[in-house]
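A quick write-up on the structure given underneath.
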Amino acid sequence: MSTDAASPLLVVSAHAGDFVWRAAGAIALAAERGDRAKVVCLSYGERGESARAWREGKGLEEIKALRRGEAEAAAAELGAEIEFLDAGDYPLRETPELVDRLVRVYREFEPAVVLTHTLADPYNGDHPAAARMALQARVLAQAIGYDAPGEPLGAPPVFFFEPHQPEQCDFKPDVLLDITAVFERKRKAMECLPAQVHMWDYYTDLAKRRGVQLKRNAGPNLGLPHETMAEAYVRVYPQTTGVLA
């Protein structure tokens, strides 16, 4: 991932909690570098990812408000901006209007790096729908003739973050991001989401496993701490470089 100065990070999240489980470490690292980090939540996850609230007898608008508050608190913990498009979930419908809203986000924010979902997830169709729209909007935002404010977008690299059941989603990471320095911030952000408390320990354990893999791929003698924590990503477009590293 880019380490250049002034490298805004954009995260396109299908639901209000997705960005926390899967990319909170990357977001916190960006914020600590002094870069802008922005999360766009396409929905609140009000229908499909708020089972506890439904069982407690809460209504739709109450659940939306609850999930919005949780996501805002998590984003604040990470140092990120957050925007909600309230497009609905289960299903999250792909529409030209929603893609256009994303194009306008790209043009206004001018991200240097984009994170989003994988294109395959047999357990949750909203996730690949979000990824398809994020990728389509990136292409349209690059087109000089596209009717949206702002200058045409450059070519920010896109990374898919890890799905909940990676083996079933054909997820084979080629980037392991060391988030050890900010993991406590990620954990605090996760704890801002009591609607999905069952995810807290799962993603803590996952960060430990990915940390083991990071150490193994970094080499055996680099002195990385035993408690290394990591997030896994897949890079979508080729890396451009003058030096192989």
Members sharing Tyr90's hydrophobic cluster, built from side-chain contacts under 4.5 Å between Ile, Leu, Val, Met, Phe, Trp and Tyr, are none
Residue set satisfying salt bridge (charged side-chain N to carboxylate O under 4.0 Å, His left out) with Asp86, at least two apart, ordered chain then number -> Lys64
Tyr203 meets the ring-ring contact (aromatic ring centres under 6.0 Å, His included) criterion, sequence neighbours left out, with Trp21, His164
The remaining residues in the hydrophobic cluster of Ile63, counting side-chain heavy-atom contacts under 4.5 Å among Ile, Leu, Val, Met, Phe, Trp and Tyr, are Trp54, Leu60
Are Asp178 and Lys215 within salt-bridge range, i.e. N to O under 4.0 Å? no
Across all chains, not counting sequence neighbours, the side chain to side chain donor-acceptor pair (under 3.5 Å) partners of Tyr202 are none
Please output the side-chain donor-acceptor pairs of residues 135-145 that fall under 3.5 Å, not counting sequence neighbours, one pair per line with the distance.
unit_1	atom_1	unit_2	atom_2	d
Arg138	NE	Pro156	O	2.8
Arg138	NH2	Pro156	O	3.0
Gln142	NE2	Gly154	O	2.6

Is the shortest distance from a Lys or Arg side-chain nitrogen in Arg68 or Glu72 to a carboxylate oxygen in the other one below 4.0 Å? yes
- request: Evaluate the side-chain proximity of Arg209 to Leu206: yes if any heavy-atom separation is below 4.5 Å, no if none is.
  value: yes
Should Arg185 and Glu77 count as an ion pair when the cut-off is N to O under 4.0 Å?
-> no
Sorted by chain and number, sequence neighbours left out, side chain to side chain donor-acceptor pair (under 3.5 Å) with Arg67 holds for Ser50, Glu70, Gln196
Separation between CH2 (Trp200) and CE (Met190), nearest 0.5 Å, reads 9.0 Å
For Tyr106, the side chain to side chain donor-acceptor pair (under 3.5 Å) test, sequence neighbours excluded, returns none
Salt bridge (charged side-chain N to carboxylate O under 4.0 Å, His left out) filter on Glu110, not counting sequence neighbours, yields none
Test side-chain contact (heavy atoms from CB on, under 4.5 Å) applied to Met229 and Lys208, step by step: CA-CA 5 Å; Met229 308 291 267; Lys208 292 178 182 177; 3.6 Å; yes
Residues at least two apart in sequence or cross-chain that pass salt bridge (charged side-chain N to carboxylate O under 4.0 Å, His left out) with Glu56, listed by chain then number, are Arg52, Lys58
Within the 6.0 Å centroid threshold, strictly below: Phe171 and Phe160:
no
The salt bridge (charged side-chain N to carboxylate O under 4.0 Å, His left out) partners of Arg93 (sequence neighbours excluded) come to none
Residue set satisfying side-chain contact (heavy atoms from CB on, under 4.5 Å) with Ala74, at least two apart, ordered chain then number -> Phe19, Val20, Ala189, Cys192
Exactly one candidate in Arg210, His117, Arg22 meets side chain to side chain donor-acceptor pair (under 3.5 Å) with Glu162; the answer is Arg210
